[in-house]
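These notes concern the structure reproduced below.
Protein chains get the first letters and strands the later ones, always in sequence-line order, with residue 1 at the start of each.
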Amino acid sequence: MMAPVRVRFAPSPTGHLHVGGARTALFNWLTARHHGGAFVLRIEDTDRSRSTDEHIASIVEALTWLGLDWDEGPPAPGYRQTERLEIYRAHAEQLLAAGRAYYCDCAPEELDRQRQAAHQRGETFRYSGRCRDRALGAGALRLAIPPAGATVVDDLIHGPVTFEHGQLDDWILVRTDGTPTYNFCVVVDDVTMQITHVIRGNDHLSNTPKQILCYEALGYAVPAFAHVSMILGADRSRLSKRHGATSIQAFRDAGILAEAMVNYLARLGWSHGDQEIFSREELIALFDIKDVASSGAIFDATKLEWLSHEYLKTKAGAALAALVEPFLRGAGLPAPADPARLAAICDTVKERAKTLVELVERARFYFEPPAAYEAKAAQTFLTPEGARRLDLLCARLPAERAWTPAVIEQAYRTLAAELGLKLVDLAQLSRLALTGGTASPPIFDVVALLGRQEALARLRRARAAAGGAS
RNA sequence: GACCCCGUCGUCUAGCCUGGCCCAGGACGCGACCCUUUCAAGGUCGAGAUCGCGGGUUCGAAUCCCGCCGGGGUCACCA
C-alpha cells in the first residue's frame, strides 16, 4: 500500500496572503483532497522581526474564505517554527555526530570578500570549505556536501532538473547564535511532518538540491517535489503591489465571489480540456499536480471578474442576500428587514453585476430614491408630454389590486396601446422616475419590488420635476 | 556574472512525450449582428498566433536535435 499523501502550505506570516500564495495553497489542498490525504498548514515564523500574529490571523482568514480547510495546523500547537526549535537542534546534533555537518568560524566579512571575488570572476559563490576538517566545537553549522557529482530534482512539473555539486556549497544549517536557517527548518519540518509532496513556488527550485542533500545526510527519504510557476504582473515581472491589488482579502472586499477566485486560480496554469468552469468537486476529482503548466502566468483581473459574474448569475437570490449584507453596510445602505425581498432584489440585479460591490450599486435605487435624474434622459422624458404620461400611469396603477410584475405589465401594455405608444416609451420614462437612470432590471420587476407606495411616490416626484400643471 | 526555469492569438490555455487529424482548437477581452421595455443576459458571426529567432533531421515539425535571443528565479550566519 502506498503511503498516504501528505502535503503542506507553509506561508511566512510577514504579510497578507497574496494570490500567488493562495494558488500554491489551493494546489496543495486539491492534491490532498484528490488523494484523500492530509493538508497541513505550517507557519514559517523564524523571521521574528517581520512575523506577526496579526498576519497569521489574516492568512487563516483568507484560507478560510477560500474554503481551503486544513487537517493539521494552527490553532493546534506545534505548527509554528518558533515552537519547534528543539526538533531542529536535535537534527543538527544528529548531523554533527554523523560527520555530515561541521562548525565554521569564518568571519562574515571574510566570506563577503570571497563572495565579491567569486562574483568578479563570474562564478557562483561557493564556500571554500576551509573549516571542513578543522573539527571546531562551535560556530555556524554547515552541511558537508559531496564535492563531486550532481543532484537531480525530479520535479513533477518540470521533469528532472540537474544541479552539479560544483555549483552548490556547504550551506549554513544553524547560525552562530544557534538559530536554524530557513532551508534547514524546511527540511526538518517536512521530514518530521512526513510530507510526501512538496508543492511550492518556483522560486524554491534552486534551493531544492541543497535540501535534498540534507535529507540524504539525515538518512530520510526524499519527498516528491512540484515547483509551481510564478504569477506575473502585466509587464511579466513577478506580481507585486505595484500591479494593483494582490492580497486575497482585497478581492474579497472588492466583492469577488470565493468560488470564482478558486476557479480562476485553479485555471491559472492548470487546465482540463476546454472546460473553464469547475465546481469544487470537479476540481478535486480532476486536478493532478502533474498537469500544471511550467510557464509563468499573468494575472488577469478581467477574466477573474468574468468568472465572478458567471457564479453570481447562477447563485440563488437567497444565497446572495446573505453575502451581500456587509456590502450594503459598506455602501451606507440599510439592510432590508425582509430577507425574501432582499433575495428577490438580488435576483433582479445578479446578471448585471460582476462583483458584490457592483451588485449593490446596481441595486442602490431599491433602497433609496434617486438623488437626481440623469441629465440627458431628464431632458428627453421629463417634458409636458412626459408629465401627462406620468399622470396617467399614477392614475392607472393604483387601480390594480395585486401589485405583481404580471399585473403591472398588463396595465402598462394597456395604457401604451391606448396612447398609441410603444412599451419602451413608458418603460424608459418610468425607469428614469424610479431609478434616476435609463438602465435597470426589467421595469415591471422594479415597480413591483419597490412596492405600491414607494413606486407611486417616485412617479409623482418625477411628474413634479417635469413641471407644468397637474 | 554563474547556475536553474520559462517562451503557442493582447491574456489564460489545448496540442509537444507517442512528428502528418493543426495553413494551430477553446476561453477572457474586443468588433458586428440577432433577440429585446432599457441595461444586462442569451444566440450567431468575425478580427486576432508565420507556434521567441536561426539552422538541422524528415516526404512532412508547434511537435525531434543544435545554436542563439528574450523574460524570470536563485546565488545571505533573509525567508
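- D105(A) has a carboxylate O that lies under 4.0 Å from a charged side-chain N of R134(A), or vice versa, which qualifies the two as a salt bridge.
- For rG7(B), the paired nucleotide is rC69(B), the pair qualifying as Watson-Crick or G-U wobble because both relevant distances are below 3.5 Å.
- A side-chain donor from one of H16(A) and S58(A) sits under 3.5 Å from a side-chain acceptor of the other.
- rG43(B) and rG7(B) have their C1' atoms separated by 37 Å, with the value rounded to a whole Å.
- Residue contacts for D112(A): at a heavy-atom cut-off of 4.0 Å it reaches no nucleic acid atom on any strand shown.
- Comparing rC5(B) with rC65(B), their P atoms sit 14 Å apart, to the nearest whole Å.
- Between the NE2 atom of H158(A) and the C1' atom of rC17(B) there is a distance of 17 Å, rounded to whole Å.
- Using a 4.0 Å heavy-atom distance criterion, F299(A) is classed as making no nucleic acid contact.
- Atom C1' of nucleotide rA40(B) and atom CD1 of I345(A) are separated by 18 Å, given to the nearest angstrom.
- When both pairing distances are held under 3.5 Å, rG20(B) makes a Watson-Crick or G-U pair with rC59(B).
- Crowding of K350(A) atom NZ: a count of heavy atoms from other residues, nucleotides or ligands under 6.0 Å exceeding 12.
- Residue contacts for R238(A): at a heavy-atom cut-off of 4.0 Å it reaches the sugar-phosphate backbone alone, with no base atom in range.
- Of the nucleotides present, none pairs with rA14(B) by Watson-Crick or G-U wobble criteria with both distances under 3.5 Å.
- When heavy atoms are screened at a 4.0 angstrom cut-off, T438(A) is found touching base atoms of the nucleic acid.
- Straight-line distance from the CZ atom of R352(A) to the C1' atom of rU37(B): 11 Å, rounded to whole Å.
- Candidate nucleotides rC77(B), rC12(B), rG29(B) were compared by shortest atom distance to the side chain of I172(A), and rC77(B) ranks first.
- The local environment of NZ in K313(A) is crowded, with over 12 non-hydrogen atoms from other residues, nucleotides or ligands closer than 6.0 Å.
- Remark: the backbone N or O of G78(A) is paired with a side-chain donor or acceptor of R84(A) at under 3.5 angstrom.
- Minimum atom distance to the side chain of S206(A) is reached by rG73(B), of the listed rA79(B), rC28(B), rG73(B).
- Considering only side-chain atoms of F125(A), the nucleotide from rA76(B), rG29(B), rA79(B) that sits closest is rA76(B).
- In this structure, S271(A) reaches the rA14(B) phosphate: one of its side-chain N or O atoms is under 4.0 Å from OP1 or OP2.
- Spacing of C1' atoms, rU63(B) relative to rC3(B), comes out at 28 Å, to the nearest Å.
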message = What verdict does the salt bridge (charged side-chain N to carboxylate O under 4.0 Å, His left out) test give for R42(A) and E44(A), after you've listed the backbone C-alpha separation in whole Å, the side-chain angles of each residue and the deciding distance to 0.1 Å?
response = CA-CA 6 Å; R42(A) 182 172 78 219; E44(A) 312 217 314; 3.2 Å; yes
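- N263(A) and Y311(A) share a donor-acceptor pair across their side chains, judged by distance under 3.5 Å alone.
- In this model, the phosphate group of rA2(B) is not approached by any side-chain N or O of R115(A) to a distance below 4.0 Å at OP1 or OP2.
- Here the C1' atom of nucleotide rC6(B) and the CG atom of L205(A) are 11 Å apart, to the nearest Å.
- At a cut-off of 3.5 angstrom, the base of rC77(B) holds at least one donor-acceptor pair with the side chain of T176(A).
- No N or O donor and acceptor, one from the side chain of R267(A) and one from the base of rU13(B), sit under 3.5 Å apart.
- Partner assigned to rA2(B) is rU74(B), using Watson-Crick or G-U wobble distances below 3.5 angstrom.
- Rounded to a whole Å, the CG atom of L232(A) is 17 Å from the P atom of rG10(B).
- Residue whose closest nucleotide on RNA chain B sits further toward the 5' end, between S440(A) and R236(A): R236(A).
- P209(A) comes within 4.0 angstrom of no nucleic acid atom, judged by non-hydrogen atoms across all strands.
- Here the nucleotide nearest the side chain of S12(A), chosen from rG26(B), rA79(B), rC77(B), is rA79(B).
- Distances shown here put a side-chain N or O of K313(A) below 4.0 Å from the OP1 or OP2 atom of rG42(B).
- Base engagement by N183(A) is indicated by at least one non-hydrogen atom pair under 4.0 Å involving a base atom.
- Under 3.5 Å, the side chain of E276(A) and the base of rG26(B) form at least one donor-acceptor pair of N or O atoms.
- Residue G269(A) is in sugar-phosphate contact alone, with no base atom involved, counting any heavy-atom pair closer than 4.0 Å across all strands shown.
- At a threshold of 4.0 angstrom between heavy atoms, the contacts of H227(A) with the nucleic acid are absent.
- Both E409(A) and D291(A) lie close to RNA chain B; mapped to their nearest nucleotides by heavy-atom distance, the more 5′-ward contact belongs to D291(A).
- With respect to R389(A) and E385(A), a salt bridge is recorded, a charged nitrogen being found less than 4.0 Å from a carboxylate O.
- Taking atom C1' on both nucleotides, rA49(B) is separated from rA62(B) by 11 Å, rounded to a whole Å.
- Here the separation of rC22(B) from rC34(B), taken at their P atoms, is 33 Å to the nearest Å.
- Nucleic acid contact for E351(A): base, since at least one base atom lies under 4.0 Å from a heavy atom of the residue.
- No contact: S229(A) has no heavy atom under 4.0 Å from any strand.
- Among the nucleotides rC3(B), rU38(B), rG26(B), the one closest to any side-chain atom of D274(A) is rG26(B).
- As a whole-Å value, the separation of I212(A) CD1 from rU74(B) C1' is 15 Å.
- Rounded to the nearest Å, the gap between the C1' atom of rU13(B) and that of rA24(B) is 13 Å.
- Minimum atom distance to the side chain of H309(A) is reached by rA41(B), of the listed rC77(B), rA41(B), rC6(B).
- Using a cutoff of 4.0 Å between basic side-chain nitrogens and carboxylate oxygens, D203(A) and R238(A) are scored as salt-bridged.
- Here rC30(B) sits opposite rG46(B) as a Watson-Crick or G-U wobble pair (both hydrogen-bonding atom distances under 3.5 Å).
- Using a 4.0 Å heavy-atom cutoff across all strands shown, A140(A) reaches at least one base atom of the nucleic acid.
- Rounded to whole Å, the distance from NE2 on H165(A) to C1' on rC4(B) is 15 Å.
- Within 4.0 Å of I443(A), counting heavy atoms only, lies at least one base atom of the nucleic acid.
- Taking the C1' atoms as reference points, rC6(B) lies 33 Å from rG46(B), given to the whole Å.
- Summarising the geometry, the separation between OH on Y264(A) and C1' on rG29(B) is reported as 12 Å, rounded to the nearest angstrom.
- Among rC28(B), rC3(B), rU37(B), the nucleotide with an atom closest to any side-chain atom of Q167(A) is rC3(B).
- Listed nucleotides: rA79(B), rG42(B), rU11(B). Nearest to the side chain of E310(A): rG42(B).
- Atom C1' of rG15(B) sits at a distance of 23 Å from the matching atom of rG56(B), rounded to the whole Å.
- Taking the six-membered ring where the residue is Trp, F251(A) and F299(A) present tilted rings, their angle falling between 30° and 60°.
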